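I have placed the structure first, in the form of structure tokens, so that the comments after it can refer back to it.
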Amino acid sequence: MSEDVCPTPRGEPITPEEHHAQVIETAVFGLWEVVNQLSSLPQPKRSRYSVSIFGSARLSRDSWIYAGVRSLASELTRLNCDIITGGGPGLMAAANEGSVEADPNNCTDSIGIRIDLDFEQHANPFVEQLYHHRTFFSRLHHFVLRSDAFVVVPGGIGTTLETLMIWQLLQVQQLRDRPLILIGPMWADLVTWARESMLDKKFPLASPEDIQIPHCVDTFDEAIAKLRHAHQAWQGKL
């Protein structure tokens with residue numbers, strides 16, 4: 001047999017490159033199995049309610065939306081909640097800033113879960129506890145493990161990805177009793193599109209209860225009211 005090939009279990013030759021690819025694939029799937037087993041362990045009960053806020057990295061400090069997100073995070077911090085963001089600029093910085101401003105005694109955490117991107121070199125200066133990920137998949141998994149509620153403010157494709165992932169995990173009940181609150185008309189339009197497109201009587205693609213999972217609100221005050229209720233329910237289970 002040529003030195004350029006290796007035998008397969010059925011005796012069919014494969015190239016060294018194919019053999020290397022098989023070894024790498026087997027190793028990667030083995031690592032994911034370890035992650036799956038670790039993730040199956042019950043999560044320890046946290047002493048504080050944790051709220052993830054997903055939103056755009058592009059909006060500047062002079063935007064009224066920035067001010068609204070900062071105020072939202074401050075109000076949640078005063079409820080003794082940890083605030084979690086992607087750790088970057090824009091509305092992520094607004095949420096981390098609001099957390100720090102409302103916590104002069106450092107009783108809660110302002111958390112950033114970062115992804116390594118060439119065009120975003122640094123975490124925003126308001127992150128107190130920072131985590132780094134090299135893949136979006138592990139990063140999103142970290143948000144899921146760390147959060148008791150999810151708030152979505154205006155954002156782009158990345159924010160939409162995060163929203164739909166949480167929505168889907170709630171749909172299949174991989175997540176339970178964790179509110180998904182969408183603030184603003186762009187997200188209400190997304191839910192309307194899902195309702196009109198997926199609940200077609202001839203070709204149903206989802207169930208009516210699936211479309212009811214996200215809570216759409218118009219204002220930050222409405223979001224705070226819903227989170228107060230969810231936080232009280234969470235405290236009742238301690």
Side-chain angles (χ1 to χ4, degrees), residues 50-60 63-73 75-76 83-96 98 113 115 117 120 135-231:
S50 296
V51 180
S52 278
I53 299 179
F54 299 133
S56 173
R58 302 189 181 202
L59 294 187
S60 62
S63 166
W64 68 268
I65 300 176
Y66 188 106
V69 172
R70 185 176 59 205
S71 177
L72 167 72
E75 188 65 28
L76 293 173
I83 299 298
I84 307 171
T85 77
L91 299 184
M92 293 176 280
N96 291 125
I113 303 179
I115 180 71
L117 296 174
E120 286 185 18
T135 71
F136 282 97
F137 310 104
S138 63
R139 176 176 177 260
L140 289 171
H141 192 205
H142 195 169
F143 275 112
V144 169
L145 293 176
R146 190 65 178 79
S147 305
D148 298 298
F150 305 91
V151 177
V152 184
V153 295
I157 294 171
T159 305
T160 304
L161 168 67
E162 292 157 348
T163 303
L164 291 176
M165 187 200 70
I166 300 302
W167 189 348
Q168 199 257 342
L169 290 175
L170 288 165
Q171 177 205 19
V172 299
Q173 298 185 22
Q174 291 293 305
L175 291 178
R176 300 172 185 267
D177 300 323
R178 302 192 203 183
L180 172 61
I181 300 172
L182 315 183
I183 304 176
M186 66 175 293
W187 303 119
D189 289 344
L190 175 68
V191 174
T192 297
W193 167 81
R195 181 181 299 107
E196 293 176 351
S197 302
M198 298 180 187
L199 298 185
D200 185 282
K201 293 182 179 179
K202 293 183 180 179
F203 304 104
L205 303 174
S207 300
E209 54 268 25
D210 298 336
I211 309 302
Q212 296 173 5
I213 289 171
H215 303 279
C216 294
V217 299
D218 295 323
T219 68
F220 293 105
D221 286 342
E222 291 176 275
I224 291 170
K226 287 186 175 294
L227 288 164
R228 283 182 182 275
H229 180 76
H231 181 243

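Just so it is clear, the model here is predicted, and its values are computed rather than measured.
- Counting all heavy atoms, side chain and backbone alike, Ser50 lies closest to Ile84 at CB-CD1, 3.9 Å.
- Between Phe220 and Trp64, the ring planes lie perpendicular to each other; the angle is over 60°, past the 30° to 60° tilted range.
- Residue Ile157 qualifies as open at atom CD1: its count of foreign heavy atoms under 6.0 Å is 12 or below.
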### Message
Could you go through Arg176 and Gln173, starting from their C-alpha distance and side-chain angles, then the distance that decides it, and tell me whether this counts as side-chain contact (heavy atoms from CB on, under 4.5 Å)?
### Response
CA-CA 6 Å; Arg176 300 172 185 267; Gln173 298 185 22; 2.9 Å; yes
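- To the nearest 0.5 Å, atom OG1 of residue Thr219 and atom CD1 of residue Ile183 are 8.0 Å apart.
- Applying the side-chain contact (heavy atoms from CB on, under 4.5 Å) test between Ile166 and each of Thr163, Leu170, Leu164 identifies Leu170 as the sole match.
- The closest donor-acceptor contact from the side chain of Ser71 to the backbone of Ala67 lies at 3.5 Å or more, if one exists at all.
- Between the side chain of Thr85 and the backbone N or O of Gly87, at least one donor-acceptor pair lies under 3.5 Å.
- Rounding to the nearest 0.5 Å gives a distance of 11.5 Å between SG of Cys216 and CE of Met186.
- Here the CD1-CZ distance, from Ile53 to Arg70, works out to 13.0 Å after rounding to the nearest 0.5 Å.
- His215 is not listed as a side-chain neighbour of Glu222, based on a closest heavy-atom distance of 4.5 Å or more.
- Taking 4.5 Å as the limit, every side-chain heavy atom of Trp187 sits out of range of all side-chain heavy atoms of Leu180.
- The two residues Gly55 and Val153 have their closest heavy-atom pair at CA-CG2, 3.6 Å.
- Using a 4.5 Å heavy-atom threshold, the side chains of His231 and Arg228 count as separate.
- A ring-ring contact (aromatic ring centres under 6.0 Å, His included) with Phe143 is found for exactly one of Phe54, Phe137, Phe150, namely Phe54.
- Rounded to the nearest 0.5 angstrom, Gln171 CD and Ile211 CD1 are separated by 8.0 Å.
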